Every structure is written in C-alpha cells, then in structure tokens.
Amino acid sequence: MKRDLKYLQLLAKSFPTIQAASTEIINLEAILNLPKGTEHFVTDLHGEHEAFQHVLRNASGTVKRKVEEIFGHTLRDSEKRDLCTLIYYPEGKLKIVKQVETDIDEWYKVELMRLVRVCSNVSSKYTRSKVRKALPKEYAYIIEELLHESKGEEANKHHYIMAIVETIVSTGRADHFIIAICRLIQRLTIDSLHIIGDIYDRGPGAHIIMDTLCEYHDFDIQWGNHDLVWMGAAAGSPSCVANVLRMCFRYANFVTLEEGYGINLLPLATYVMEAYKDDPCTIFYPKNSDEGIVDPKQLNLCAKMHKAITIMQFKLEHQIIERRKEFCMEDRNLLHLIDFEKGTVRIDGKEYELRDKLFPTVDPKDPYRLTPEEATIIEQLTRSFTSSARLARHMDCIYSHGAMYLVRNNNLLYHGSVPLNEDGSFKSLTINGKAYAGKELFDRVDQLVRNAYYSELNSASKLYGQDFIWYLWCGPVSPPFDKNRMATFERYLLSDKEVQKEHKGNYYHLKNRKDICEMILREFGIEDTEHAHIINGHIPVKTIQGENPIKAEGKLLVIDGGYSKAYQKETGIGGYTLVYNSYGLKLVQHEPFESRQKAIEQGIDIISETKVVESLDQRILVRDTDNGKRLIEQIEDLKELLVAYRKGVIR
C-alpha cells in the first residue's frame, strides 16, 4: 500500500486535480479507439541512400495511392504524377516549376489546395494533439487552420481558406510553406519505421542513411552483421577496423570512409605504395571497377590497399582466435599452412594452388606477426575510427535505438537467425563458461555488444566485448551470421569453388516449417501465435528464380529483396517494404530505383507491386497494440488516482 501510495503521489504531480485526471482518462480512451498507426519494415539497405530516402518520401507507394484515391479522375495522370513528385522532393520540383510556369502565383494556389487535401487525408487517423506535435513550428497555426477548416463546406469557410492561401503567396512564403507541408505529409504517412539490419557496407551512403535516421520521428534498428562490424570498429577493435576497410575497398566505397566519417587513409596508401610496389595485386581489384565508380588511376592503389588490409586482417584475427579459445575458430588460422616457395596451401589434407603467390609483408617463419609498419598503421586507423565525431554520433543513435531483436505488436524482428540444432532445438553458445541459447543468447549478446562500446577503456569487459563483436561478424554460432565459417581466405586466394563454400546453419532450412517458427515466437514471449510473425532480413530472396518471401505458412516473412545493387542480379527486384496498418499486412515489392535526379526531373517513381500477406476482418485499433496495452494500464492508474482523491487519501 505504501508503494502504491508513493506512486500515486508522483502521478498526482502530473494530474493535480480530479478534473485533470478525468480529462486524461477521456483523452486516452479516445486514443484507444483510433486505428493503429502504420508501421514500415525494411532491411539490408547496404548504403543505398537514394533508394531508401525515396521509399521514405513516397511511404512505399502509400502517397501515390492516397493521391489516386483523393483525386481519381478529377486530375490527369501527369498532374497526379507532378503532385507526387512535389510531395517527395519539394525543393527540387519547385526549382523546375519556376523555370517553366508562366503564372507561378496561380500554380502556387492550386497546388497548395491540393496539398492541404492530401495532408488532411493522411492526418485523419491521428488525434489533433498528435498532429499538432508534428506540425512545423513556424506554420503550425496556419496548417492547423487549413486542415480543420478545409473540411467545412460552407461558402464563408471556403473564402476563409482561400484568403489564407492567397496571403501565403502574396507574402512570398509559398515555397517555404509548400516544403513544410510536404514534409508533414511524409511524416504523417509513416507512423513508425523498423530497420531490420545491415545499414552499412557495399553502397556509398550509409552515413547519409544514418543522418536521416538520427533525425527521424520514430524508428528502431535490429543490428545486422554489417552494422555490428562497424560498431566493433567504432568501439576500437582492430580486427573489426580491418574487416570494415576490406569491405569498403572490395566495393571501392571511399565515400563512406573519407567523406562520411573522415577516416584518414593516407598512412595506409603511403605504406602500400612502397611495401607492395612490385605487386600488381590483380585479384584485389574492386568488384565494381567496371562500372566506372573509381578513376582508372586509382584502381591500382585501391587494389594494393585492399590486399594489404586483408593480410593484416588475417594476422589480427589470429590474435583473437588465440586469445579466445572458447570461440573454437582455429580452422580460420591459415597463413601458417602456406608453402611460400611452392605457392600452395594445404587445407584439410588437400593442397591447393594460390591465385596470388606474393606476400611481401608475411614472414614465413612467423606468418601472423604484424610488421612494425603494419602495427603502426592499424593503430592509426583504429584511432581514426574511434575519434570520428560523426561516426560516434551515429553509433550513439544505433545503440540507443537498436538491439539484437524486437518484439512489437505480435511480430518478432531480427536479422539473421536463431541458431538451431539439427533436431530443431535451440543451439547453445558458451560465453565465459556458461551456455546460452534462444532468447537468453540474444539477451546476453546484446549486453556484450553494449559492453564493447560503453565499458571503461582497456577494461576486461570492453576488450571481451570487442572480441565478441568480431565473433558475431564471422563466428559459427553467431545469430546474425550462422554459417560454419567465413571463407575470406578461400574466396580471395583459391579457385576451387568447393573449398570456398560457407555452409549455413540449421535455421536456414528449418525456418520454412510452421512449427519451428511458432516455437521461436513462443521462446521470445509471443504465446498467441495465430496472427504472429517473424520478420527476418539478411538472406536475399531470389524472386527472379520464383522464391517466395512468405514462408512457413505465413509465419515467417523474409524481406531482404535487394536494396543493394550488388544483390539485384540475384533478386531481380530493388527491395521490399513490409507495411503493417490497421487493415493487416502488405508486402510492397520495389523495382530498382534509377536516381533522385530522374525522380525529380521526369517524375519517375519506384514502380511497386503490393501483395496482401494478411487481411483482417476487423480493423486493428490502438487498443489492440502494445502501446494500447500501456495506455490501458495508464487509465487504470489514473482511475486509482481518482479514487484516492475522492476518498481524501491524496488531496
């Protein structure tokens, strides 16, 4: 009773009267009966910032559908297309319009009224209070008046609205106002955004995606393996730094490193020009060098840095493998198996010829020893990662909005897998002498990842966390990886396809079974599995080969559709967005995005195809969601406060 009374006394500070508490109960009860907000799920963005931002701006095709519903046959297709482009890219579209329109004031008035109608439509499912909080401060009163009064049909209301619009134009504020209302439409169309891993690597704009997310109104991130290796680099793990750099050089992605985060590559570039001056590094040319992404003069330097950091990576990983015997990754120590005179390597009793036989920085007598120059460069590069202010800001965002998994509204979100044994039981991983499996493994991993970044410098907790993040990147029982090995050495240096194979864990074939998915859902606390789903990223769905993203009789949705251009030849499409609104679940399949410039100049939108995953007979209300459950608890607390007031227990 004392504890309850203390809580009610604290609550009374926010609602100090019977009237205040009663009003809040009425407000919350009203909110419970609104339709649930629209959730959007995307995954494996891999630095494709233009495609990602376009999907946000058009809300995965929702804006286009709204415009079609509102204006139907009253506007020509070209007018509807222009209106959509204006909503997506107001600044760019306005610039073009002002070059071609002869009566710009009249155009402003017409488009402003159209934008008000769209904004009124997308705001209708929210309380006025929530819409008010989303309004841009400088135009909050005007937009609220336009949204409220535009619904009236009286003639005097029409004159009132037109007077506001004409004044916006005559005072020279039309451009600013249009930009503000377009951003508001974008803001209201997506209630919450879920990123199911792998923001980083391959594409050039991961830092731009992170800038967008750090300013976004409501989002969360489930960490992917590519995110984790960047998190390890930012935490100060030299092995993660080497892996990040190798991936960037592999795809010639200097933009994210240098322009995005200010990573100083000059010491490495200077070193390789001397250490690898007689080495053509042919097999280390970037994968996309034929696309003209890198100047031809830069290609050889990129290849040399690529090879140098790969060799350093093998040496650094050996240190972790020796330091953490419990990781059981001795099979990844391969440099000592090389016969440097013959140019071969012996793996599992079989000898293979090396594709590259030059190793100027490897001592055959002590192959895992870093040269003094390599040690200095790794130290400088690691310092460059840990001292980058923009990277630190983005990492703070990833940690504060991210986790290994999320349970939300009967959906379980994670990147990669839940490690399983062959019989379908949860596979355990021993961490510091204790075995963890299932949800317990995910919770422990989450804690270790945070230790790597937030623990005291040079503490045992921080160093173990850094090493463990590297394990998550490439370890055999790592949930976001879950393969028997990462065959980096074999893929680079051997031609035999068989020895390059990485065998996926049991999850990847068992996940297609409904009973397995329901077992996983229950493990993470979802008991009612009838309308529950696992939403999964990491493995591209090969749509071009007829593969279906909906698996296990609808229990599992694998939504990696290939935002990354590197995967689009496999998938045949340009990504998926899963949309969960009050009517059910829809999977939106996107065609590859051409460019932001074409979208503005030619009105070329992402062509999207929508597939209904689950349609509900009864519309989902806020009271049916996790947030609704919290609101119901708040209402019960407020009712107790009312009783305390009326009995005089609290005055």
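Every value quoted in this text rests on a predicted model; they were computed, and no experiment measured them. Numbers here simply count residues along the sequence, with the first being 1.
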Problem set entry | Q222 versus D220, side-chain donor and acceptor atoms under 3.5 Å | yes

Problem set entry | salt bridge (charged side-chain N to carboxylate O under 4.0 Å, His left out) pairs, two or more places apart, involving residues 38-48 | K36-E39

Seminar exercise, completed: When every non-hydrogen atom of I620 is compared with those of N581, the smallest separation belongs to CD1-O, 4.0 Å

Exercise. Between F254 and F249, is the ring centre distance below 6.0 Å?
Worked result: yes

Problem set entry | Under 3.5 Å: donor-acceptor pair, side chain of D198, backbone of N225 | yes

Exercise. Rounded to the nearest 0.5 Å, what separation is found between the OG1 atom of T543 and the CG atom of N548?
Worked result: 8.5 Å

Exercise. Taking only residues two or more places apart in sequence, or in another chain, which ones meet N484 in a side-chain hydrogen bond (donor to acceptor under 3.5 Å, both in side chains)?
Worked result: none

For this session: State, without any angle test, whether N410 and H531 hold a side-chain donor-acceptor pair at a distance under 3.5 Å.
Result: no

Exercise. Hey, does S455 have a side-chain heavy atom less than 4.5 Å from the side chain of R450?
Worked result: no

For this session: With sequence neighbours left out, write down each residue that passes side-chain hydrogen bond (donor to acceptor under 3.5 Å, both in side chains) with E490, or none if nothing qualifies.
Result: R332, R485

Problem set entry | Any residue meeting side-chain hydrogen bond (donor to acceptor under 3.5 Å, both in side chains) with Y471, in chain and number order, not counting sequence neighbours | none

Exercise. Hey, mind stepping through Q447 and R444 against side chain to side chain donor-acceptor pair (under 3.5 Å) and telling me if it holds?
Worked result: CA-CA 5 Å; Q447 185 182 38; R444 181 64 176 132; 2.5 Å; yes

Problem set entry | Interatomic distance, K66 atom NZ to T189 atom OG1 [nearest 0.5 angstrom] | 7.5 Å

Problem set entry | Nearest non-hydrogen partners of C240 and G232, listed with the distance | CB-C, 3.6 Å

For this session: List for me each residue that meets salt bridge (Lys or Arg N to Asp or Glu O under 4.0 Å) alongside E502, sequence neighbours excluded, and say none if there are none.
Result: K483, R491

Problem set entry | Counterpart residues, salt bridge (Lys or Arg N to Asp or Glu O under 4.0 Å), relative to R596 (two or more places apart) | none

For this session: Indicate whether any N or O donor in one side chain lies under 3.5 Å from an N or O acceptor in the other, for T386 and R383.
Result: no

Problem set entry | Least distance between heavy atoms, L391 atom then A234 atom | CD2-CB, 4.0 Å

Problem set entry | Pairwise salt bridge (charged side-chain N to carboxylate O under 4.0 Å, His left out) hits with a residue in residues 301-311, at least two apart | D279-K307, K307-D356

Exercise. Salt bridge or not for E259 and R390, using N-O below 4.0 Å?
Worked result: no

Exercise. Which pair of heavy atoms, one from L472 and one from S478, lies closest together, and at what distance?
Worked result: O-OG, 2.6 Å

Exercise. To the nearest 0.5 Å, what is the distance between CG (L463) and CG (N451)?
Worked result: 11.5 Å

For this session: Compute the ring centroids of F524 and Y405, then answer whether they are less than 6.0 Å apart.
Result: yes

Exercise. Are the side chain of S192 and the backbone of D218 linked by a donor-acceptor contact shorter than 3.5 Å?
Worked result: no

For this session: Before giving the answer on salt bridge (charged side-chain N to carboxylate O under 4.0 Å, His left out), spell out for K130 and D191 the whole-Å C-alpha distance, their side-chain angles and the decisive distance to 0.1 Å.
Result: CA-CA 11 Å; K130 183 166 183 173; D191 197 52; 2.9 Å; yes

Exercise. Given the side-chain rings of Y399 and W223, with only the six-membered ring counted for Trp, is the space between their centroids under 6.0 Å?
Worked result: yes

For this session: Any chance you could lay out the side chain to side chain contact (heavy atoms under 4.5 Å, CB included) test for V229 and W470, step after step, and finish with the verdict?
Result: CA-CA 7 Å; V229 74; W470 171 80; over 6 Å; no

Exercise. Could you go step by step and tell me if L257 and L265 meet the side chain to side chain contact (heavy atoms under 4.5 Å, CB included) rule?
Worked result: CA-CA 9 Å; L257 287 172; L265 299 176; 4.2 Å; yes

Problem set entry | Heavy atoms from other residues, nucleotides or ligands near NZ of K511 exceed 12 (cutoff 6.0 Å) | yes

Problem set entry | CA sep, side-chain torsions, deciding dist, call: R246, Y492, side chain to side chain donor-acceptor pair (under 3.5 Å) | CA-CA 12 Å; R246 179 180 61 79; Y492 276 95; 3.3 Å; yes

Exercise. Using 4.0 Å as the upper bound for N to carboxylate O, is an ion pair formed by D626 and R630?
Worked result: no

Exercise. Between Q186 and N58, does any side-chain donor sit less than 3.5 Å from a side-chain acceptor?
Worked result: no

Exercise. Can you check side chain to side chain donor-acceptor pair (under 3.5 Å) on Q53 and T212, steps first, answer last?
Worked result: CA-CA 8 Å; Q53 289 182 329; T212 301; 2.9 Å; yes

For this session: Go through the side-chain N and O atoms of H590 and E609 and say whether any donor and acceptor fall under 3.5 Å apart.
Result: no

Exercise. Do side-chain atoms of S417 reach the backbone of P479 as a donor and acceptor pair under 3.5 angstrom?
Worked result: yes

Problem set entry | salt bridge (charged side-chain N to carboxylate O under 4.0 Å, His left out) contacts touching residues 566-588 (sequence neighbours left out) | none

Exercise. Which of parallel (below 30°), tilted (30 to 60°) and perpendicular (above 60°) describes F284 and H306?
Worked result: perpendicular

Exercise. Name the one of H226, H415, H46 that satisfies ring pair (Phe, Tyr, Trp, His ring centres under 6.0 Å) with H538?
Worked result: H415

For this session: Just do the side chain to side chain donor-acceptor pair (under 3.5 Å) check on D560 and Y567 with the steps written out, would you?
Result: CA-CA 10 Å; D560 180 3; Y567 289 139; over 6 Å; no

Exercise. Going from CH2 on W230 to OG on S237, what distance comes out if it is rounded to the nearest 0.5 angstrom?
Worked result: 13.5 Å

For this session: Sequence neighbours left out, what passes ring pair (Phe, Tyr, Trp, His ring centres under 6.0 Å) with Y464? Give chain and number order.
Result: none

Exercise. Closest heavy-atom contact between I263 and S384?
Worked result: CA-OG, 3.4 Å

For this session: Evaluate whether atom OH of Y126 has more than 12 neighbouring non-hydrogen atoms of other residues, nucleotides or ligands under 6.0 angstrom away.
Result: yes

Exercise. If you measure from CZ on R250 to CG on L245, what distance do you get to the nearest 0.5 Å?
Worked result: 14.5 Å

Exercise. Parallel, tilted or perpendicular: which fits the ring planes of Y88 and H54, with parallel below 30° and perpendicular above 60°?
Worked result: perpendicular

For this session: Tell me whether the centres of the aromatic rings in Y261 and H394 are closer together than 6.0 Å.
Result: yes

Seminar exercise, completed: For residues 462-475, the salt bridge (charged side-chain N to carboxylate O under 4.0 Å, His left out) pairs (sequence neighbours left out) are R323-D467, R324-D467

Exercise. In Å, rounded to the nearest 0.5 Å, how long is the span from CD1 of I398 to CE of M395?
Worked result: 4.0 Å

Problem set entry | Contacts of type side-chain hydrogen bond (donor to acceptor under 3.5 Å, both in side chains), residue T625, not counting sequence neighbours | none

Problem set entry | Qualifying residues under salt bridge (Lys or Arg N to Asp or Glu O under 4.0 Å), relative to D482, sequence neighbours excluded | none

